[in-house]
Amino acid sequence: MIQRVRFAPSPTGSVHIGNMRVAIFNWLFARHAGGRFLLRIEDTDRERSTPEAIETLLAALRWLELDWDEEPMYQSDRANAHAEAAERLLAAGAAYREDKGGKGECVVFRMPDEDAVFHDELKGELRKKSEDMADFVIVRSNGAPVFHLANVVDDIAMKITHVLRGDDHIENTYRHVALFRALGAEPPRYAHFPMIVNRQGKPYSKRDGDAFVGDFREKGFRPDALFNYLALLGWSPGDDREKMTRAEMVEAFSLDRVKNSPAQMDLQKLTHLNGLYVAEMPAEEFRAQARAVLADCAWGRDIPEAALTPVCELMQSRTKVFSDVVDWRYFFDAMPTYDEKAVRKGLGKDGVRAALTRLIALLEQYPFDEAGIEKAIREAEREAGIREGKLNFAVRVATTGIATGAGLYETLALLGKDKTVARLRHATEHLCG
RNA sequence: GCGCCCAUCGUCUAUCGGCCAGGACACCAGGUUUUCAUCCUGGUAAGCGGGGUUCGAUUCCCCGUGGGCGCGCCA
């Protein structure tokens, strides 16, 4: 039998990272098994489920290349099926009408008078005593179906074989299993994944920042890196592999390798992984991405291709996230923005002013290329009695304003003699301690 | 309160009774006789507590403790 799983989000305008990981696990499961990955939009909340919210959701799925099979089901189209199911349950005595709070009659599902049991693919046999479960509303007094009913009726219609969702649904599952049976359907198999939690161990929320797929996209994370990272949150291939291609993940994925304890999001590790992906991007693609970031900066919009290309070549290997690109400003502006701390540390020492002043003169004596620049700096050090290599940091701060960057000689060669000399001069006149 | 789920380095994880408890991120030290966000090498760092079962438990069972979830005419 072909396995059919579904991702059934309710569109709210932003896509939560925990939800997306559930989608990833469903997708991986389906692709591994050669089954179907289906989409159901639970858009019965008409206030929040706007066309824009739905588009945001689909865009997030497309961005992560979670391609779905068949036409998505829209729950809002299913009112008749839900109502009909409620009628059947009523007719069979599995449900009854009741006015629970003066709001008019609603339809209540009668929980069977027996313990609820189901087999969870991750957690084993899960059970709950009959007396610990109460009947529950399936149709509101205004006629609208409640989540439980709609969810089960639609899963039946979609012929879902495996429901893979967050373990915050475990309690619902006891009810859902009963609903499936009452509707004459065999319940699907279930697996409940642990949640993604924050530092405090609470479910990851928007208050924690970076809670939505869009946040990562905006910051310049790559979708393949985010996919890879999220897949590893709660799942591992069983060996030491971490950076994996989709094909490898599809091949290796199985439910019995999914952990059943909650995982905490580690932005640093995601950033590291993203850097590995960035490093192997084709140069043109890297440039296009950098260009997209620059387009949002007033100073970065009109950089000619000829100026941008060498900077990209220099910086790609050390770019981890595309938002890093906003720090490239010193390559293009006349003057860098000087970081106070770096200035203090790099330009504050005695003798630095004299050495840099001498360097300005020495730069005139050699060709302005990497080798010539290095020679000039070495010579300036010798003359000033500074230990070899020690002047580099001062030069770096004087010319780029910050403490870190690419290779110094390459950076200066790229900057050009005019900017380099002007900045060195500025440093000797205004910044040295 | 009642019920359910969970528990290995700071974090993500490996281990399916015998491990010097392995890897990764982060961190620290060193190297790439120049910086560095790349790269290489090395290091610090873990089995929540108490009972069992067993020749032997991180691993199996029980009880605590801690955290999470559920107990809606929300999804």
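Each chain gets a letter, A, B and so on, in the order its sequence line appears, and its residues count up from 1.
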Write down the distance separating the C1' atoms in B/C71 and B/A75, rounded off to the nearest Å. 16 Å

Picking from A/Thr400, A/Ile377, A/Leu391, A/Ile373, what satisfies side chain to side chain contact (heavy atoms under 4.5 Å, CB included) with A/Leu408? A/Ile377

Rounded distance (Å) that lies between atom P of B/A24 and atom CE of A/Met244: 16 Å

Indicate, yes or no, whether a donor-acceptor pair under 3.5 Å links the base of B/A24 to the side chain of A/Lys269. yes

Should A/Arg287 and A/Glu284 count as an ion pair when the cut-off is N to O under 4.0 Å? no

Length of the CD-P vector between A/Gln316 and B/U38, whole Å: 14 Å

Of A/Ile402 and A/Ala263, the one whose closest RNA chain B nucleotide lies more 5': A/Ala263

A/Ser261 side chain, from C-beta outward: closest of B/C6, B/A37, B/U34: B/C6

Just checking A/Gly101: base, sugar-phosphate only, or nothing, at a heavy-atom cut-off of under 4.0 Å? base

Taking the C1' atom in each of B/G10 and B/G64, what is the distance between them to the nearest angstrom? 26 Å

For A/Tyr409, which contact category applies under a 4.0 Å heavy-atom criterion: base, sugar-phosphate, or nothing? base

Starting from the 5' end of RNA chain B, give me the residue, A/Tyr229 or A/Ala406, whose nearest nucleotide shows up first. A/Tyr229

Of the candidates B/C5, B/A75, B/U34, the side chain of A/Lys123 sits closest to B/C5

Under a 3.5 Å cut-off for both contacts, is B/A37 paired Watson-Crick or G-U wobble with anything, and if yes, with which nucleotide? none

So which nucleotide from B/C73, B/A75, B/C12 ends up closest to the side chain of A/Glu242? B/C12

Euclidean distance for P, B/G23 against B/U44 (whole angstrom): 11 Å

If we take the C1' atom in both B/A14 and B/A46, what is their distance in whole Å? 13 Å

Just by modelled atom types, is the A/Ser14 backbone N or O under 3.5 Å from a matching donor or acceptor in the A/Thr12 side chain? yes

Select base, sugar-phosphate, or nothing to describe what A/Gly166 touches, counting heavy atoms under 4.0 Å on all strands. nothing

Is the Lys NZ or Arg CZ of A/Lys243 less than 6.0 Å from the centre of A/Tyr277's six-membered ring, within 45° of the axis? yes

Checking base pairs now: Watson-Crick or wobble, both atom distances under 3.5 Å. What partners B/C60? B/G52

Just the rounded figure in Å: distance from C1' of B/C4 to CD of A/Glu125. 14 Å

Remember a base hit wins even if backbone is also touched, and classify A/Lys103 as base, sugar-phosphate or nothing at under 4.0 Å, heavy atoms. base

Pairwise C1' distance, B/C16 and B/C60 [rounded to whole Å]: 11 Å

Whether A/His16 and A/Tyr204 hold their rings parallel, tilted or perpendicular, with breakpoints at 30° and 60°: perpendicular

B/G1 and B/C48: how far apart are their C1' atoms, nearest whole angstrom? 25 Å

Tell me what A/Arg241 touches on the nucleic acid: a base, only sugar-phosphate, or nothing, going by heavy atoms under 4.0 Å. nothing

Nearest-angstrom distance from the residue atom NE2 of A/His272 to P of B/C27: 11 Å

How close or far is atom P of B/U34 from atom CD1 of A/Ile377, stated in whole angstroms? 12 Å

Checking N1-N3 plus N6-O4 or O6-N4 for Watson-Crick, or N1-O2 and O6-N3 for wobble, each under 3.5 Å, the partner of B/C28 is B/G42

For A/Ile138, which contact category applies under a 4.0 Å heavy-atom criterion: base, sugar-phosphate, or nothing? nothing

Which nucleotide in the set B/C2, B/A26, B/C39 lies at the smallest distance from any side-chain heavy atom of A/Asp132? B/C2

Using ring centroids (six-membered ring only for Trp), state whether A/Phe193 and A/Phe25 fall under 6.0 Å. yes

Whom does B/C9 pair with, Watson-Crick or G-U wobble, provided both distances fall under 3.5 Å? none

Which nucleotide, B/U34, B/C4, B/A75, lies nearest any side-chain atom of A/Arg140? B/A75

Report which part of the nucleic acid A/Lys100 touches: base, sugar-phosphate, or nothing (heavy-atom distance under 4.0 Å, all strands). base

Distance only, no hydrogens: is a donor on one side chain within 3.5 Å (strictly under) of an acceptor on the other, for A/Asn228 and A/Arg222? no

Between B/G3, B/A37, B/A7, spot the one nearest the side chain of A/Asn260, thanks. B/A7

Encode nucleotides 62-72 of chain B as B, S and - characters from 5' to 3', where the letter depends on protein heavy atoms closer than 4.0 Å: B to the base, S only to sugar-phosphate, - to neither. -----SSSSS-

Using Watson-Crick or G-U wobble geometry with both distances below 3.5 Å, tell me the partner of B/A75, or none. none

With heavy atoms under 4.0 Å as the rule, sort A/His148 into base, sugar-phosphate or nothing. base

Would you mind classifying the nucleic acid contact of A/Arg257 as base, sugar-phosphate or nothing, using non-hydrogen atoms under 4.0 angstrom? sugar-phosphate

Hey, does the side chain of A/Asp256 reach the backbone of A/Leu122 with a donor-acceptor pair shorter than 3.5 angstrom? no

Ignoring hydrogens and geometry beyond distance, is a side-chain donor-acceptor pair present between A/Ser254 and A/His32 at under 3.5 Å? no

Partner lookup for B/G3, please. Criteria are Watson-Crick or G-U wobble with both distances under 3.5 angstrom; report none if nothing qualifies. B/C69

Between B/G70 and B/U11, how far is it from one C1' atom to the other, in whole Å? 28 Å

If we take the C1' atom in both B/U58 and B/C40, what is their distance in whole Å? 33 Å

For A/His176 and A/Asp155, test the side chains for any donor-to-acceptor distance below 3.5 angstrom and give the result as yes or no. no

Output yes when A/Glu379 and A/Lys375 qualify as a salt bridge under the 4.0 Å nitrogen-oxygen rule, no when they do not. no

The side chain of A/Ser236 is closest to which nucleotide in this list: B/C39, B/U34, B/U13? B/U13

Could you tell me whether the side chains of A/Tyr409 and A/Asn392 share a donor-acceptor contact shorter than 3.5 Å? yes

Considering Watson-Crick and G-U wobble pairs with both distances under 3.5 Å, what does B/A21 pair with? none

Test item: side-chain donor near acceptor, A/Asp43 and A/Ser76, under 3.5 Å: yes

Are the side chains of A/Val278 and A/Lys320 in contact, using a 4.5 Å heavy-atom criterion? no

Separation of A/Ile41 atom CD1 from B/A75 atom P, in whole Å? 16 Å

Please list, by residue number, the residues of residues 5-12 of chain A whose heavy atoms come closer than 4.0 Å to an atom of RNA chain B; answer none if no residue qualifies. A/Ser10

A/Arg165 atom CZ is separated from B/C5 atom C1', nearest whole Å, by 15 Å

In whole Å, what is the span from the CD atom of A/Glu313 to the P atom of B/A37? 22 Å

Among B/A26, B/A24, B/U34, the nucleotide that comes nearest once only the side chain of A/Glu388 is considered: B/U34

